[in-house]
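Working notes, beginning with the structure itself.
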Amino acid sequence: MKTSEIRKLFLNFFKSHQHIKLKSSKIIPYQDPSLLFTNSGMVPFKNIFLGKEKIKYLQVVSSQCCVRVGGKHNDLENVGYTNFHNTFFEMLGNFSFGSYFKQNAIKLAWTFLIEELKISKKNLFVTVHYKDKKSYFIWVNEIGISKKRIFKFDKENFWQMNNMGPCGYCTEIYFCKNKNLDMKNISLLNKKNFIELWNLVFIQFEKDIKGNLYLLPNTSVDTGMGLERIASIKQNVFCNYEIDVFKPLLNEIKYIINVSNLKKEYLKIIADHIRTSAFLISEGLLPNKKSQGYVLRRLIRRSLISGYKIGVLKPYLYKLIDILDTIYGKVYKKLHSFKENIKKIILKEELKFIKLLDKGMI
Ligand code: SER
């Protein structure tokens, strides 16, 4: 199943269950100075969860463009060295603002995985917070999954966007690659077997700067499933970089760089960082020395350093924008319409940095 088909299936499934489909909100959350980037699907709704802002709809669904570089959720250093970390990714999420809570959230997620994506129950495991007896009860008695497949944790099952703000217990669904697992000896931390798939957060509290928790007047739901990750499961590759949206990009990098000893890590770093950079520039960000612009500059420079380490000292990142447009342009219209500008901005930054590299100043 193609990544674009999964995105569509998800949005349509929740639409058919009375959710309003919203477009991805901006990656740079201009309205929220506590964050550099939108790092999960719930960020655009933060004030709604806190009861500070009203929304016309009680139930929404989105595929949100997220960036996790800097702040509490920072995946930069992992990129290149793991199968699932990306600095940019799309997060599929359904949200309830004071409407349904644990029971429906769990039922909807389960139905989507089993009936729409046709994932076998044998592959699925869940975690709950040890104090969250309600979720445990729903999984066992209403979904009917074996107690052996449920694990209880503490802080791992408490989700917060940042050090303060809306937060709450969560229950996570894990995919296990190995159907013949020895059920007596399971560790979800064994990354060889388990992939963290879908996080269902039950927003109940607001955390203040000192870490105090206050009950919110309404309970809400915030779920998030990485699109690339679920695509890697449906495409049976278990690595984000091997799914249909990355393959053509990686092939293009190999073709353009044309170096025989291109290490896999560098290839992943270049692919990841140029994708993030292109999306950020499509939103009007420029590489510079300040906050988000600094991160963008760092991503471009980090990709160039990966090329430099294998002897490439010429601009090439800007040439990858065409293939990104082919992959994403139909869904993300700005990437398509700003394509030529994105190329110019990247090329300018490449030339600047290559000069420094050439002079040995880095
Ligand atoms: N906010 C939660 C997460 O990012 C669920 O969407 O995991």
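Atoms within each ligand, like the ligands themselves, are counted from 1 in listed order. Numbers here simply count residues along the sequence, with the first being 1.
Using a 4.0 Å cut-off between charged nitrogen and carboxylate oxygen, Asp325 and Lys339 count as a salt-bridge pair. Salt bridge annotation for Arg275-Glu228: present, with a cationic side-chain nitrogen under 4.0 angstrom from a carboxylate oxygen. Glu5 and Lys234 are not joined by a salt bridge, as no carboxylate oxygen comes within less than 4.0 angstrom of a charged side-chain nitrogen.
Nearest to atom 3 (C) of ligand 1 by heavy atom, out of Phe95, Trp198, Trp159, is Trp159. The closest heavy-atom contact to atom 4 (O) of ligand 1, among the options Gln160, Arg68, Met225, Gln64, comes from Arg68.
Under the 6.0 Å cut-off for aromatic ring centres, Phe202 and Phe101 qualify, their centroids lying closer than that. A ring-centre distance under 6.0 Å is found for Phe49 and Phe97. Taking the centre of each ring, Tyr332 and His336 stay at or above the 6.0 Å mark.
Of the protein's heavy atoms, Asn199 ND2, 3.0 Å lies nearest to atom 7 (O) of ligand 1. Taking atom 6 (O) of ligand 1 as the reference point, the nearest protein heavy-atom neighbour is Asp222 OD1, 2.7 Å.
For Gly224, a nitrogen or oxygen atom sits less than 3.5 Å from a nitrogen or oxygen atom of ligand 1, counting backbone and side chain alike.
Which parts of ligand 1 touch Met42 is read off a 4.0 Å heavy-atom cut-off, strictly below it: atoms 1 (N). Close approach to Met91 involves these atoms of ligand 1, each under 4.0 Å from a residue heavy atom: 3 (C), 4 (O), 6 (O). Atoms of ligand 1 lying under 4.0 Å from any heavy atom of Val201, numbered from 1 in the order shown and given with element: 2 (C), 5 (C). Close approach to Thr223 involves these atoms of ligand 1, each under 4.0 Å from a residue heavy atom: 5 (C), 6 (O).
Neither the backbone nor the side chain of Leu200 comes within 4.0 Å of ligand 1, counting heavy atoms alone.
Both cation-pi conditions hold for Arg149 and Phe125: the charged atom is under 6.0 angstrom from the six-membered ring centre and inside a 45 degree cone around its axis.
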